[in-house]
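Below you'll find the structure, written out as structure tokens, and then a few comments.
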Amino acid sequence: MPKGSSHRLAHRSSHRPHRVVLLVDENSNPFEMSCAIEIFGLRRPELGRELYDFRLCAAAPHTRMRDGFFTLTGVSGLEAAEDADTLIVPNRPDTGTPRAPRVLDVVCRAHARGARLVGFCSGAFTIAEAGLLDGRRAACHWMWAESFRARFPGVRLEPDVLFVDDGDILTASGSASALDLGLHVVRRDHGAEIANHVSRRLVFAAHRDGGQRQFVERPVPEVRDESLGPLLEWAQERLGEPLTVAELAARARVSPATLHRRFRAQLGTTPLAWLTGERVALACRLIERGEERLDVVASRSGLGTAANLRARLRRATGLSPSAYRRRFGTGGGEALVS
């Protein structure tokens, strides 16, 4: 969890849910708007609490969406963004057309008062146009990488990742990665267990690391058993065991080199990185469910030692196990013991 990611969620939690406002502008993409509504706007009574207070707002009473597919009406004006804790900025395919000054002004004021900014797909252009990305990391769709660099040379663009979490500014590369980044935000705010619940409702992968490639080669399989699905399911049921890449390859009946190529082609990551990510996610869920013994968490998640667990968890979340439990656990604020 990068610097600045603690944000104002804890401060707000005793008063009202964290307020997420989606700002829609002329020619915005409907898909990313729907992703935001699905993740942050749906009621989830089965959780027993409201995760977010979600609002839509627009710069005009009638907003023509991308390619004139439909016109959005009946949403609040820009004033609804003034008390946003997280502001999702507009995105659109005509990236060369400047944003209206009043839209950029809303984005700048939100950032100045400490709100978190989120840009889906071409949303990084909006944040950069507002002058808020100079010297900072960002992601955008690979199709626009060159034009983005040309317009905003001061931004540290990472063109081949799913999303970038730079603390109080988060950007996703493409349409589908809006779901990845949205779930990442939920995980950052509410922990792995809640994020997994939201992903199950979406019938979507619970966790794809932001550093994975934007697009991967997906050749038509010549044989039916080239899918990694059965292997991933088998491994997820055995994370506490000392699995190695060689054992995964043996289970798939391929060489380690072939397995590595399939992971790269189908998931955009390596077998070891995937396995480590799944183990860290399991460790997070165990801590959230109240397991206080650090050595037990490390053993059951397959991370081995308490020291390795501490290092992996801090790298993934920016928190120590005790701090993670205080924030997301159900058993109070006691420290984990090894």
Side-chain angles (χ1 to χ4, degrees), residues 1-10 18 20-23 32 35-36 39-40 52 81 84-91 95 99 104 106-142 144-145 147-149 151-191 195 207-214 268-269 273 277 280 313-319 323-324 327:
M1 195 176 295
K3 182 179 179 181
S5 62
S6 58
H7 198 241
R8 299 188 301 171
L9 184 73
H18 184 97
V20 177
V21 177
L22 171 64
L23 174 55
E32 286 83 354
C35 290
I39 292 175
F40 301 110
Y52 297 99
D85 300 311
T86 291
L87 180 66
I88 303 176
V89 306
N91 71 320
T95 56
R99 286 290 176 193
L104 297 178
V106 168
V107 175
C108 288
R109 288 202 306 273
H111 182 260
R113 69 171 181 272
R116 180 170 58 192
L117 301 182
V118 175
F120 293 149
C121 195
S122 59
F125 281 83
T126 301
I127 303 175
E129 194 174 344
L132 302 176
L133 276 178
D134 284 349
R136 303 190 61 162
R137 299 164 53 237
C140 77
H141 197 287
W142 60 269
W144 295 308
S147 62
F148 186 93
R149 283 197 185 99
R151 287 182 61 187
F152 309 109
V155 181
R156 294 161 53 195
L157 183 67
E158 299 187 9
D160 195 28
V161 299
L162 292 178
F163 61 83
V164 166
D165 180 342
D166 201 41
D168 58 347
I169 298 181
L170 301 91
T171 47
S173 59
S175 295
S177 59
L179 292 172
D180 292 299
L181 179 54
L183 288 170
H184 171 78
V185 170
V186 175
R187 188 178 305 107
R188 206 174 90 168
D189 291 345
H190 299 284
H207 181 249
R208 289 201 300 169
D209 183 75
Q212 289 188 30
R213 295 164 57 197
Q214 282 188 35
T269 189
V280 171
L313 191 66
R314 186 174 291 278
R315 185 178 303 171
T317 69
L319 300 171
Y324 189 91
R327 183 168 182 185

- Task: Locate the shortest heavy-atom distance separating Ala128 from Val155; write the atom from each residue and the value.
- Result: CB-CG2, 4.5 Å
- Is a salt bridge present between Arg187 and Asp180, judged by a nitrogen-to-oxygen distance below 4.0 Å? no
- Less than 6.0 Å separating the ring centroids of Tyr52 and His190? yes
- Item | Thr86 OG1 to His18 NE2 distance, which is reported to the nearest 0.5 Å | 2.5 Å
- Rounded distance (nearest 0.5 Å) linking atom CZ of Arg113 with atom CG of Asp85: 8.0 Å
- Ala81 to Val21 - nearest heavy-atom pair and separation: CA-CG1, 4.0 Å
- Query: Measuring from Leu170:CG to Ile127:CD1, what's the distance to the nearest 0.5 Å?
  - Reply: 8.5 Å
- Task: For residues Leu181 and Val118, determine if any side-chain heavy atom of one lies less than 4.5 Å from a side-chain heavy atom of the other.
- Result: yes
- I would like to know whether Leu319 and Leu313 meet side chain to side chain contact (heavy atoms under 4.5 Å, CB included); could you show each step before the answer? CA-CA 7 Å; Leu319 300 171; Leu313 191 66; 5.7 Å; no
- Query: Judged by atom type as modelled, is there a donor-acceptor pair below 3.5 Å linking the side chain of Arg156 to the main-chain atoms of Leu133?
  - Reply: no
- Of all heavy-atom pairs between Cys108 and Ala130, which one has the smallest distance, and what is that distance? SG-O, 3.4 Å
- Say whether His141 and Ser122, considering side chains only, have a donor N or O and an acceptor N or O under 3.5 Å apart. no
- Tell me, do Asp189 and Arg116 make a side-chain contact under 4.5 Å, heavy atoms counted? yes
- Message: For the backbone of Trp144 and the side chain of Ser147, can you confirm whether one donor and one acceptor N or O come within less than 3.5 Å of each other?
- Response: yes
- Query: Between Gly123 and Val89, which heavy-atom pair has the shortest distance, and what is it?
  - Reply: O-CG2, 3.5 Å
- Note on the structure: Closest heavy-atom pair, Ala195 versus Val186, reported as atoms and distance to 0.1 Å, is CA-CG1, 3.9 Å
- Are His184 and Asp165 linked by a side-chain donor-acceptor pair shorter than 3.5 Å? yes
- Message: Do Ile88 and Leu23 make a side-chain contact, defined as non-hydrogen atoms from C-beta onward lying under 4.5 Å apart?
- Response: no
- Item | Point-to-point distance, once rounded to the nearest 0.5 Å, from CG of Asp168 to NE2 of His111 | 4.0 Å
- Query: Rounded to the nearest 0.5 Å, how far apart are CZ of Phe163 and SG of Cys140?
  - Reply: 15.5 Å
- Message: To the closest 0.5 Å, what do you measure between OG1 (Thr171) and CG (Asn91)?
- Response: 12.0 Å
- Note on the structure: Correct closest heavy-atom pair for Ala36 and Phe120 would be CB-CE1, 4.2 Å
- Query: What's the verdict on salt bridge (Lys or Arg N to Asp or Glu O under 4.0 Å) for Asp166 and Arg136, showing C-alpha distance, side-chain angles and the deciding distance?
  - Reply: CA-CA 7 Å; Asp166 201 41; Arg136 303 190 61 162; 2.8 Å; yes
- Arg151 side chain reached by Phe125 side chain, heavy atoms, under 4.5 Å: yes
- Message: Using a strict threshold of under 4.0 Å (side-chain N to carboxylate O), is an ion pair present between Arg137 and Glu158?
- Response: yes
